[in-house]
Amino acid sequence: MSSAITPPPFGHEVRRTAVLAAPLVAGHVATGLIGFVDSVIAGHHGTATLAAVAVGTAIFWLPLMVPMGTLMAVPPSVSQLDGEGRHAEVGPLFRQALWLAAALGVALFGLLTLLAAGLGPFGIAPDIVPGATAFLHGIRWGVPALTLYFCMRYLSDGLHWTLPTMVFGFGGLVVLVPMGYALAFGWGPFPEGGAGGLGIASAIMMWTQSAAFALYLALSKRFARYQLFTRFDPPRRAEIAALLRTGLPIGVTVTMEGSLFVVTALLIGRLGELEAAAHQIAINVAALCFMVPFGLAEATTVRVGNAIGRGLGSAGVRRAGFAGLTLVLVTQTVSGVLLLLGHDHVVRIYTEDAAVAALAGSLLLYAAAFQFPDGIQALSAGALRGLKDTRVPMVLAAAAYWGVGMALGATLGLGLGWGPKGMWIGLIAGLTVAAVLLGARFLRSSRHVPAPAASPTAQ
């Protein structure tokens with residue numbers, strides 16, 4: 001005799017999400033600290049180096065968001081398989097995802113090579129172009145390793161084991177800090193490389209992280225039953241196409257949001273070194289703050305996917321989504337208050353240039369203003385990924401980030417001459433509209449989850 005499943009109590013779901021998200025948040029903070037390390041080293045090397053790294057980082061992350069987002073199809077896919085008890089299917093899916101990650105990495109290497117040659121025609125200030133080009137020439141060598149790393153990390157996250165994301169994230173910093181200083185300032189046999197040296201150091205770190213994660217998955221008893229590397233599978237069109245159907249809209253959605261920030265940085269880069277350097281500081285701090293809701297969103301993706309796999313129905317899916325939202329509202333309150341009260345202290349870590357620090361500090365007040373909409377839209381997108389509802393959110397994201405955010409930012413910042421502050425007002429508007437649209441979409445989509453069937457337990 002079967003009995004209908006009762007979703008776990010809300011408090012239990014909040015705790016499960018928090019425990020799952022904590023290593024993810026720490027790992028994402030570690031990832032954000034990579035940009036922090038690059039920016040601090042560059043800022044102490046000189047304002048020109050900081051401006052070059054700002055533009056180079058923007059150009060690097062813009063195309064990277066497509067493969068990074070596309071591979072986000074892995075967590076809900078393996079989470080649903082795990083929830084349904086279909087463990088034997090996880091390994092074959094993972095091996096096809098590795099083929100996809102490798103192909104995306106090679107394609108991105110070629111694209112970055114082309115983009116590095118186009119900085120001048122885009123209108124970037126001439127004094128920034130040489131350093132930004134050198135940074136891109138160095139960091140592009142790490143891209144194939146980074147896409148493979150994302151694939152392995154997303155597999156582990158989707159199987160409710162998020163601790164490696166934290167460990168390997170901070171492990172990368174252990175490599176980057178000394179290597180970055182040595183290659184940027186010059187040390188022993190290493191010549192002074194400035195922005196180019198930082199790019200090479202970042203690439204070395206990416207290969208180290210990827211190799212270490214692969215070794216861990218191959219040797220860990222936790223993953224032994226999934227038989228991840230027990231045999232060689234050639235690429236299979238049907239399986240890769242299925243991943244792309246789910247993942248590519250996610251990739252476009254992530255790119256729509258990320259490109260709003262990246263293109264903002266590139267447009268501000270046209271205004272000069274001071275504006276570009278100040279924006280890099282402020283956006284790097286804002287990106288560090290975003291790592292918290294981003295980690296919570298990924299945990300919510302897994303919990304929503306697992307609720308579907310275990311047949312918890314609409315009530316279980318919504319419970320998972322609202323648990324993540326509760327945590328996001330708490331964390332965004334904390335980050336908003338910290339930015340409001342401590343913005344001047346934060347910028348002093350990055351630079352001793354008074355003009356750069358003054359402008360960056362004022363921009364952090366705008367960053368404080370978008371903490372709530374940024375967190376809500378990220379969480380809503382994560383919950384929708386758990387439902388594998390990715391196509392309509394892609395359209396909604398494009399309308400919010402570009403139809404509202406970029407249009408308003410460019411009009412105020414460049415058209416009306418408001419400079420960086422006008423661009424940041426556009427960011428606030430785009431994120432607010434995205435939060436409303438994606439939140440409403442989750443409420444609608446979660447209504448149509450099939451009703452609970454039968455199951456003995458809730459996790």
Side-chain angles (χ1 to χ4, degrees), residues 14 17 65 69 72 249-264 283 286-287 289-301 303-304 314 317-337 339-340 365-413 422-449:
V14 171
T17 303
M65 289 171 189
M72 284 182 182
I250 299 175
V252 174
T253 301
V254 171
T255 303
M256 287 297 102
E257 178 190 3
S259 60
L260 176 65
F261 291 89
V262 170
V263 174
T264 295
I283 206 65
C289 293
F290 179 70
M291 296 301 107
V292 178
F294 191 36
L296 287 167
E298 288 193 334
T300 302
T301 296
R303 294 301 294 162
V304 168
S314 179
V317 166
R318 286 193 167 192
R319 194 174 297 267
F322 292 147
L325 178 61
T326 300
L327 291 168
V328 159
L329 292 177
V330 173
T331 61
Q332 297 309 93
T333 298
V334 173
S335 61
V337 170
L339 289 175
L340 281 173
L365 297 177
Y366 292 90
F370 68 55
Q371 289 305 297
F372 279 111
D374 200 16
I376 293 170
Q377 63 87 26
L379 192 282
S380 300
L384 288 166
R385 288 195 292 271
L387 289 166
K388 293 189 176 180
D389 180 7
T390 59
R391 296 184 183 180
V392 172
M394 173 182 67
V395 177
L396 297 178
Y401 302 141
W402 286 85
V404 177
M406 181 52 64
L408 180 61
T411 298
L412 296 178
M423 298 296 299
W424 277 66
I425 291 173
L427 295 179
I428 295 171
L431 292 171
T432 300
V433 173
V436 172
L437 294 179
L438 294 176
R441 177 67 184 181
F442 174 71
L443 292 177
R444 176 173 178 173
S445 296
S446 59
R447 288 198 206 112
H448 306 299
V449 178

_Testing the basics here: between Ala299 and Thr17, what is the closest heavy-atom pair and its distance to 0.1 Å?_
CB-O, 4.0 Å
*Would you mind telling me which of Thr390, Val392, Asp389, Val395 makes a side-chain contact (heavy atoms from CB on, under 4.5 Å) with Pro249?*
Thr390
*If you measure from CG on Leu384 to OG1 on Thr300, what distance do you get to the nearest 0.5 Å?*
11.0 Å
*Nearest 0.5 Å, what's the CZ-CG distance between Phe370 and Leu427?*
6.0 Å
*Do Phe372 and Thr333 come close enough that some side-chain heavy atom pair is under 4.5 Å?*
yes
*Would you say Glu298's side chain and Phe294's backbone share a donor-acceptor pair under 3.5 angstrom?*
no
_N/O donor-acceptor pair under 3.5 Å between Ser446 side chain and Ser314 backbone_ = no
*asked:* Please check: side-chain N/O of Gln332 versus main-chain N/O of Gln371, any donor-acceptor pairing under 3.5 Å?
replied: yes
*Measure the spacing between CG of Leu379 and CG of Asp374 and express it to the nearest 0.5 Å.*
11.5 Å
*Out of curiosity, Thr301 OG1 to Lys388 NZ, how far, rounded to the nearest 0.5 Å?*
12.0 Å
*Taking all non-hydrogen atoms of both residues into account, name the closest pair between Phe442 and Gly321 and its distance.*
CZ-CA, 4.0 Å
*Determine yes or no for a side-chain-to-main-chain donor-acceptor pair under 3.5 angstrom, with Arg318 supplying the side chain and Leu443 the backbone.*
yes
_If you define the side chain from C-beta out and look only at heavy atoms, does anything of Thr331 sit under 4.5 Å from Ser335?_
no
*How far apart are the C-alpha atoms of Thr432 and Gln377, what are their side-chain angles, what is the distance that settles it, and do they pass the side-chain contact (heavy atoms from CB on, under 4.5 Å) test?*
CA-CA 8 Å; Thr432 300; Gln377 63 87 26; over 6 Å; no
*Can you name the closest pair of heavy atoms from Pro293 and Cys289 and give their distance?*
CD-O, 3.2 Å
*Heavy-atom pair with the smallest gap, counting every atom of Val404 and Gly430*: CG1-N, 4.3 Å
*Out of curiosity, Leu339 CG to Leu365 CG, how far, rounded to the nearest 0.5 Å?*
8.5 Å
_side-chain contact (heavy atoms from CB on, under 4.5 Å) between Phe290 and Ile283, worked out_ = CA-CA 10 Å; Phe290 179 70; Ile283 206 65; over 6 Å; no
*With rounding to the nearest 0.5 Å, note down the distance linking CG in Leu296 to CZ in Arg303.*
13.5 Å
*From CA spacing to verdict: side-chain contact (heavy atoms from CB on, under 4.5 Å), Val328, Val292*: CA-CA 8 Å; Val328 159; Val292 178; over 6 Å; no
*Where is the tightest heavy-atom contact between Ala400 and Leu437, given as atom of each residue plus distance?*
CB-CD1, 4.5 Å
*Under the side-chain contact (heavy atoms from CB on, under 4.5 Å) rule, what do Arg441 and Leu396 come out as? Steps first, then yes or no, please.*
CA-CA 9 Å; Arg441 177 67 184 181; Leu396 297 178; 4.0 Å; yes
*Specify the closest pair of heavy atoms between Leu387 and Val317, including all atoms of both residues, with the distance to one decimal.*
CD2-CG1, 3.8 Å
